[in-house]
Protein chains: 2
Amino acid sequence: MATGRTERPAHRGRGIPEATVARLPLYLRALTALSERGVPTVSSEELAAAAGVNSAKLRKDLSYLGSYGTRGVGYDVEYLVYQISRELGLTQDWPVAIIGIGNLGHALANYGGFASRGFRVAALLDADRAVAGQRIAGMVVRHMDDLEQIVRDDGVSIGVITTPAPAAQGVADRLVAAGITSILNFAPTVLTVPEGVDVRKVDLSIELQILAFHEQRKSSTEPAPGPAPVPAAVTPAVSPAVAPAVTRPTASGGDLGGDLPEVMPA
Amino acid sequence: MATGRTERPAHRGRGIPEATVARLPLYLRALTALSERGVPTVSSEELAAAAGVNSAKLRKDLSYLGSYGTRGVGYDVEYLVYQISRELGLTQDWPVAIIGIGNLGHALANYGGFASRGFRVAALLDADRAVAGQRIAGMVVRHMDDLEQIVRDDGVSIGVITTPAPAAQGVADRLVAAGITSILNFAPTVLTVPEGVDVRKVDLSIELQILAFHEQRKSSTEPAPGPAPVPAAVTPAVSPAVAPAVTRPTASGGDLGGDLPEVMPA
DNA sequence: TAGATTGTTAATCGATTAACAATC
DNA sequence: TAGATTGTTAATCGATTAACAATC
C-alpha cells in the first residue's frame with residue numbers, strides 16, 4: 001500500500017537511459033520478492049543489494065521515473081512495483097509468437113515465466129508441416145503460412161525467433177512485413193531490420209565465449225595475460241625493440257595449434 | 001594462411017575493454033562465415049557491416065589485439081579468425097557442466113552449438129533422483145551428489161545453471177566450492193559469488209521486458225509515455241497538484257499478477 | 001605513384017559513483 | 001529536534017565515433 005504520495009513524472013516523456021531501462025526488470029524482480037514476503041518498504045541500500053547494484057546507481061535510475069521515495073524512510077514496495085511495471089509497459093498484455101519449434105522453441109513454449117508478468121504465448125509457428133499441427137504446451141503449432149493472419153488476429157506484438165540461424169533473417173523479414181516491431185532473437189545471426197524495429201538477442205555461445213576469455217586469463221599464469229602487475233616500466237619507445245622476440249612470420253605451426261577452430265556446423 | 005605478417009601484441013597483457021571482449025565473438029562468427037565462403041580478405045568496412053557494428057569501432061576493437069591488418073588491403077580472414085580465437089581462449093577445450101535438466105537444460109544438452117567452438121558438454125546433473133540416470137543427448141544424467149567428483153575428474157571449468165530460481169544460489173555455491181570460477185546463469189536470480197568468480201546471465205524475461213518498454217513507447221500516442229514532446233511546461237511545482245489522479249493505494253489486484261516469474265519446472 | 005584502408009588520435013557522448021543538501 | 005535516507009550534483013570513468021596520418 002502506498003502512502004498517498006504524489007507523482008512527478010520528471011524526466012518522463014523523453015530519455016530514460018538504455019542502461020537504466022535494462023536494470024528496471026531487475027529492480028522489479030527484487031521488489032516482487034520483497035512484496036511476496038510482505039515487506040512494506042525498502043531503502044535504496046537494501047533494494048540495491050537485492051538487485052546486485054550500487055545504491056547510488058539505483059537511486060539515479062529510479063529518479064528517471066519520478067520521485068517515488070520518501071526521504072528518511074525509503075520506497076514503498078507495492079507502489080514502486082506498480083510504477084516500474086507501468087514504466088516497462090507490463091500493465092498491459094503482450095501477446096508473443098514463438099517461431100521455430102525445435103529444442104529451444106519447445107522449451108520456451110513450456111516455460112512458465114512467460115505467462116506471468118504481462119507476456120502471453122499467443123502462437124507457436126514452424127515452417128515444417130510435420131511440426132505444424134502438433135500439440136505443445138496445450139497449443140497447436142501453426143504453420144508459417146498463417147503468420148500474417150495470426151499476427152493480425154491475435155495482435156501479436158513481439159516475435160521470438162528460435163529457428164536455425166540460416167532461417168532467422170527470412171523469418172525476421174516476414175515478421176516485420178506482418179507489422180511486428182519487437183523481436184527477440186535466439187538464432188546466432190545478426191538480423192538486419194528497418195529503423196523502428198527493435199531486436200534483442202540471446203546468444204548462448206557468445207556468453208560462453210566471454211566466460212572463456214576471462215577463464216583463460218585466470219588459469220594462465222603467464223606474464224602477459226595473467227593478473228601480474230605492469231612489468232617494471234614498459235617504456236613505449238622501447239617496446240618495438242623488445243617485441244621482436246614475439247614476432248612470428250605466420251600464425252600456423254606454433255604450439256598454439258595452427259588450426260583455426262571450426263564454428264557451429266549449421 | 002596468413003601473409004607473412006609480424007605481430008605486435010600491443011595492448012596485450014592488460015586491459016582489453018569489456019565492451020570489446022563482448023564483441024569479439026560477433027566478429028569471429030562473421031569471419032567464420034566468410035572463411036567458409038572462401039573469402040580470403042575483408043576490409044574493416046565489410047566485416048563491420050557483417051557484424052552489425054560501425055567500422056571505426058571494429059578497427060579500434062581489433063587494435064587491442066594487435067596489428068593484424070594490412071593497410072590498403074584489409075584483414076586476412078583465416079589469420080584473424082585464428083587471432084580472435086586465441087584471444088578468446090577457444091584454441092583450448094572447455095568442458096561444461098549443465099546443472100538442472102528441466103525443459104531448458106534438456107534443450108541445451110541437445111543444442112549442437114556447444115560442441116563446436118571449443119566447448120564440450122562434459123556432464124549433465126540434476127538434484128532429482130528420478131532425472132539422474134536418464135539418458136539425454138547420449139549422456140547419462142548424474143546426480144548432484146557427484147558434482148565435486150565430476151568437476152575434478154573432467155576438469156569442468158564452466159557451470160551452466162538451468163535450475164529453478166530458488167535452487168540457483170545453492171547450486172552456485174556448490175559450483176564455487178568445487179572450484180568452478182565461471183558460471184552461466186539461466187535462472188532468474190541474482191547470484192552472489194566470491195571475488196574472482198565470473199557470472200554471466202541469460203534472462204528471457206528481462207529481454208522481453210526491455211522490448212515491452214520500447215514497444216509501449218512506439219504504439220502509445222498518449223502524451224506521457226509516448227514519443228510526444230514535453231507537454232507545455234510541466235512545472236515541477238505544479239505536478240503534485242496535477243498527479244493525484246494517478247495515485248493508487250496499491251499495486252496488487254491488478255493484471256500484473258503479483259507472482260515472480262517461475263522458471264522451468266524442473 | 002595513386003588509391004585504398006588500417007591503426008590511432010582526440011573529441012564527444014553516455015554511464016557510474018561519491019558526496020551531500022534537501023527533507024521526511 | 002535528531003536520525004535516516006532520498007534525489008541530485010558534479011566529478012570520473014569508459015565507450016563511441018569521426019577524422020586522418022601512416023603505410024601497404
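The analysis underlying the following values was restricted to heavy atoms, covering all of them including side chains, and did not include hydrogens, waters or symmetry mates. Labels below follow one simple rule: chain letters A, B, ... track the order of the sequence lines, proteins then strands, and each chain is numbered from 1. Since the model is a prediction, treat every value here as computed from it, not as a measurement.
A distance of 9.5 Å separates NZ of K201(B) from CG of L191(B), quoted to the nearest 0.5 Å. In this structure, CG on L208(A) lies 11.0 Å from CH2 on W94(B), to the nearest 0.5 angstrom. Here I206(A) contributes atom CD1 and L26(B) contributes atom CG; the two are 4.0 Å apart, rounded to the nearest 0.5 Å.
Nucleotide dT6(C) holds its C1' atom 10 Å from the CG atom of L62(B), rounded to whole Å. Between L65(B) atom CG and dT8(C) atom C1' the separation is 15 Å, expressed in whole Å. As a whole-Å value, the separation of Y79(B) OH from dT6(C) P is 16 Å. In this structure, CD of E46(A) is placed 13 Å from P of dA4(D), rounded to the nearest angstrom.
Neither OP1 nor OP2 of dT5(D) sits under 4.0 Å from any side-chain N or O of S44(A). Dashed line: the shortest gap from a side-chain N or O of Y75(B) to OP1 or OP2 of dA4(C) is not under 4.0 Å.
Scored by the salt bridge (Lys or Arg N to Asp or Glu O under 4.0 Å) test, R200(A) finds E207(B) as partners (sequence neighbours excluded). With sequence neighbours excluded, no residue forms a side-chain hydrogen bond (donor to acceptor under 3.5 Å, both in side chains) with N54(B).
Among residue pairs with one or both ends in residues 186-199 of chain A, those qualifying as salt bridge (Lys or Arg N to Asp or Glu O under 4.0 Å) are D198(A)-K218(B); sequence neighbours excluded. Within the structure, salt bridge (Lys or Arg N to Asp or Glu O under 4.0 Å) pairs that include any residue of residues 44-73 of chain A comprise R23(A)-D61(A) (at least two apart or interchain).
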| request: Both distances under 3.5 Å, Watson-Crick or G-U wobble: on that basis, could you give the dot-bracket string for DNA chain C, with [ ] for crossing pairs and | for other-strand partners? | output: ..||||||||||||||||||||||
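A side-chain N or O of S182(B) and one of E215(A) form a donor-acceptor pair less than 3.5 Å apart.
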| query | Can you give one letter per nucleotide of nucleotides 15-24 of chain D, 5' to 3': B if a protein heavy atom sits under 4.0 Å from the base, S if only from the sugar-phosphate, - if neither? | reply | SSBBB--BBB
